[in-house]
Amino acid sequence: MKLTTWNVNSIRQRLERVLTWMGRHEPDVLCLQETKVTDEDFPRAPFEERGYRVETFGQKTYNGVALIAKAPLLDVVRGLEDDTPDAPRRCIAATVEGLRVVNVYVPNGESVESEKFAFKLEWLARLERTLAAALCADRPLVLLGDFNIAPEDRDVHDPEGWRGQVLFHPLEHAALARIQARGLADLYRLHHAEAGRYTWWDYRMLAFPRNLGLRIDLILGTAGAASRCTASEIDRDERKGVKPSDHVPVTVELA
DNA sequence: ATGGTTGCACAGCAA
């Protein structure tokens with residue numbers, strides 16, 4: 001079973017690129033973030049025509065997540081525990097072939113001084129509670145998406161420059177550690193230990209050609225998922241060419 | 001050097 005996470009930065013701008021990529025890679029489950037479209041306006045048909053099912057949780061202009069899968073998406077849950085009705089739409093979960101898939105778009109946080117940073121930390125605490133409720137011993141689970149957190153020095157092009165800033169802050173690392181302490185391993189790191197493997201590069205400052213990136217798109221898995229994980233890849237080439245997203249797809253293969 | 005680019009939507013915000 002092949003699972004991919006991809007922050008597409010508008011599904012309407014990225015549709016052709018996503019469909020081309022899917023034709024080449026044929027993921028069983030594709031988890032999208034920053035779709036930036038309401039459920040009503042999500043371009044479902046091209047995916048359905050290719051044999052996929054589509055579940056979305058989106059809004060106008062900002063945020064938005066989607067699950068796209070070949071097999072049925074069961075027990076779909078939209079939003080986070082204790083989300084208010086007007087909360088940003090950043091989480092969608094479903095069960096696919098016995099695997100619980102939790103797809104998240106973690107708030108960016110803007111800057112450490114910002115109210116948005118406090119919101120990010122509060123959101124991560126509620127994600128931990130949502131996760132705790134979703135975990136059960138006999139069901140493997142993956143928590144994947146755009147975490148807007150680079151876990152370690154080897155995930156950052158300039159760790160000393162980034163340390164203490166948003167996306168690489170001790171309070172974010174503590175929140176991520178609490179989530180991972182629930183028994184979740186970083187599935188990319190099961191197969192790749194080297195530094196310099198990034199999933200996001202700023203559009204500005206020629207960040208991609210200079211490889212000034214961060215690894216902030218993660219796939220975490222319970223022991224039951226990790227033991228089945230035979231491969232993981234970052235598709236760096238998707239940052240190239242005409243109209244790329246600023247993030248690239250990350251894929252794991254589960255036996 | 002407080003820059004730079006993209007998306008949404010049509011001014012300025014979010015990333």
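Because the structure is predicted, anything quoted here is derived from the model rather than measured.
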Exercise. For nucleotides B:dA9 and B:dA15, find the distance between their P atoms and express it as a whole number of Å.
Key: 15 Å
Quiz item: B:dA1 and B:dC13: how far apart are their P atoms, nearest whole angstrom?
Solution: 26 Å
Quiz item: If you measure from the Lys or Arg side-chain nitrogens to the Asp or Glu carboxylate oxygens, is any gap between A:Glu26 and A:Lys2 under 4.0 Å?
Solution: no
Practice problem: Sticking with atom P, work out how far B:dT2 lies from B:dG7, rounded to a whole angstrom. | Solution: 26 Å
Practice problem: Measure from NZ or CZ of A:Arg163 to the centre of the six-membered ring of A:Phe168 and say whether it is under 6.0 Å with the direction within 45° of the ring axis. | Solution: no
Quiz prompt | Nearest-angstrom distance, C1' atom, B:dA11 to B:dT6 | solution = 16 Å
Quiz item: For residues A:Asn63 and A:Arg89, is any side-chain donor paired with an opposing acceptor at under 3.5 Å?
Solution: no
Quiz prompt | Pairwise ring pair (Phe, Tyr, Trp, His ring centres under 6.0 Å) hits with a residue in residues 11-50 of chain A, at least two apart | solution = A:Trp6-A:Trp21, A:Trp21-A:His25
Quiz item: For residues A:Asn9 and A:Tyr203, is any side-chain donor paired with an opposing acceptor at under 3.5 Å?
Solution: yes
Quiz item: Of A:Asp153, A:Asp186, A:Asp146, which is the lone residue that meets salt bridge (Lys or Arg N to Asp or Glu O under 4.0 Å) with A:Arg215?
Solution: A:Asp186
Quiz prompt | Cationic N near anionic O, under 4.0 Å, A:Asp83 to A:Arg126 | solution = yes
Quiz item: Does anyone know the first and last nucleotide of DNA chain B in reach of chain A, 5' to 3', at under 4.0 angstrom to a heavy atom?
Solution: B:dG4 to B:dA15
Quiz item: Is there side-chain contact between A:Ser232 and A:His192, with heavy atoms separated by less than 4.5 Å?
Solution: yes
Self-check item: P atoms of B:dG3 and B:dC8, separation to the nearest Å
Solution: 25 Å
Practice problem: Would you mind telling me which residue lines up with the more 5' stretch of DNA chain B, A:Ser10 or A:Tyr62, judged by nearest nucleotide? | Solution: A:Ser10
Self-check item: Touch class at under 4.0 angstrom, heavy-atom based, for A:Arg239 against every strand present
Solution: nothing
Quiz item: Toward the 5' end of DNA chain B, which comes first, A:Arg90 or A:Ile11, by nearest nucleotide?
Solution: A:Ile11
Exercise. Give me the ring orientation class for A:His157 and A:Trp162: parallel if the planes are under 30° apart, tilted from 30 to 60°, perpendicular past 60°.
Key: perpendicular
Quiz item: Considering only heavy atoms, which members of residues 104-117 of chain A lie under 4.0 Å from some atom of DNA chain B?
Solution: A:Tyr105, A:Asn108, A:Lys116
